[in-house]
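Here is the naming used below: chain letters follow the sequence lines, and residue numbers restart at 1 for every chain. Here the structure is a predicted model, which means the values were calculated and not measured.
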Amino acid sequence: MKRAWITLFGGILVAVLAYFGFYFAGTAHSRSLEKSQEPELAWLQREFHLNQPEFARICQMHEAYLAGCAERCHRIDMKGEELKQLLASTNTVTPEIEKALTESAQLRADCQKKMLQHFYDVSRTMPPEQGQRYLAWVQGRTVLGESHSQMHHSN
Amino acid sequence: MKSQDEGNSDRLLHQALREWKVKDRHLPARFHEQVWRRIERIEAQAHATLWNQVVDSITNSLARPSLALSYVTLLLMAGLLAGYLQARLEKAHTVETLSSRYVQMMDPYQHGSEK
């Protein structure tokens, strides 16, 4: 009788230990990614099988891109603020509004152009096969993803 | 006629019962106690609840080594499978989160333009 109860609870204990053992072993990779200094770049390195020199080069490009990106974002925000004030002051499309809209669109286009250029530079730093895969993925999530969503909204 | 036959058979039965004796007097030790316990157990089983029956059934099954081993193996496999599936979900979630954060860093206005 006692032995049967020991087997019963021992079995449950074995199941719990097996669950946590496999779970912690299986998520060790994810935890190490999240604990790294820059998890997004650490993910990029693992996902696209980058060696250390390739990764170091991409990190440099990434830093340079982000610095330029922050500046472009600031300009877009300023233009957005200007457009907001213009829109609040009238109820027709004035030449000033038209100009601000064009400039805002130009800034966004410039931003996207720089972003695409960065993607091409990063993809060229990767091994060719991985570079192609990276380009297809990142374009699908950014430029092509946006055009898709816009088409979806227009339907 | 019939009642006369019945009277005869009763007399014979009574005579046979009087003459009947238990020849084997070497009963096992605590025979009577064991008999009463058995009777009590059977009566208790008849009145046992479903839960008790389930518990008895489990404990009786697990007392057998082959079934106990199968039970522990089954739970081990179930634990491993559940851990593996949960880890896979967690891993997929982390990958999705980090890749989305990377895209967000690259294209901060992406979500803003969709709003």
Find the one option among [options] whose heavy-atom pairs under 4.5 Å with chain B are most numerous.
{"options": "Asp77(A), Leu41(A), Leu33(A), Val138(A)", "answer": "Asp77(A)"}
{"options": "Gly26(A), Ala15(A), Ala42(A)", "answer": "Ala15(A)"}
{"options": "Val16(A), Leu44(A), Leu13(A)", "answer": "Leu44(A)"}

Quick one: pull up [atom1] in [X] and [atom2] in [Y] and give me the separation to the nearest 0.5 Å.
{"X": "Thr97(B)", "Y": "Glu34(A)", "atom1": "OG1", "atom2": "CD", "result": "7.5 Å"}
{"X": "Met106(B)", "Y": "Met115(A)", "atom1": "CE", "atom2": "CE", "result": "9.5 Å"}
{"X": "Arg88(B)", "Y": "Phe22(A)", "atom1": "CZ", "atom2": "CZ", "result": "11.5 Å"}
{"X": "Leu89(B)", "Y": "Thr27(A)", "atom1": "CG", "atom2": "OG1", "result": "11.5 Å"}
{"X": "His62(A)", "Y": "Tyr102(B)", "atom1": "NE2", "atom2": "OH", "result": "6.5 Å"}
{"X": "Glu96(B)", "Y": "Trp43(A)", "atom1": "CD", "atom2": "CH2", "result": "9.0 Å"}

Under 4.5 Å from a heavy atom of chain A, the part of [X] involved:
{"X": "Ala78(B)", "result": "neither"}
{"X": "Tyr84(B)", "result": "both"}
{"X": "Met105(B)", "result": "both"}
{"X": "Ser99(B)", "result": "both"}

(message) With no hydrogens and no angle check, just 3.5 Å: does a side-chain donor-acceptor pair link Arg141(A) and Ser100(B)?
(response) yes
(request) Give the minimum heavy-atom separation between Tyr71(B) and Thr7(A), together with the two atoms involved. (result) CE2-O, 3.2 Å
(message) Restricting to non-hydrogen atoms, name the atom on Pro39(A) and the atom on Leu98(B) that form the minimum distance, rounded to 0.1 Å.
(response)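 In this case the closest contact between Pro39(A) and Leu98(B) is CB-CD2, 3.5 Å.
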[X], part contacting chain B, at a heavy-atom distance under 4.5 Å:
{"X": "Cys69(A)", "result": "side chain"}
{"X": "Leu66(A)", "result": "side chain"}
{"X": "Phe119(A)", "result": "side chain"}

(request) Decide if atom CZ of Arg37(B) counts as having more than 12 heavy atoms of other residues, nucleotides or ligands within a radius under 6.0 Å. (result) no
Report yes if some heavy atom in the side chain of [X] is under 4.5 Å from a heavy atom in the side chain of [Y]; otherwise report no.
{"X": "Val14(A)", "Y": "Leu76(B)", "result": "yes"}
{"X": "Val103(B)", "Y": "Trp137(A)", "result": "yes"}
{"X": "Leu85(B)", "Y": "Tyr19(A)", "result": "no"}

(message) Shorter than 4.5 Å, heavy atoms on both sides: which option in Leu80(B), Val95(B), Leu69(B), Val72(B) has the most such pairs with chain A?
(response)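 Most heavy-atom pairs under 4.5 Å with chain A: Leu80(B).
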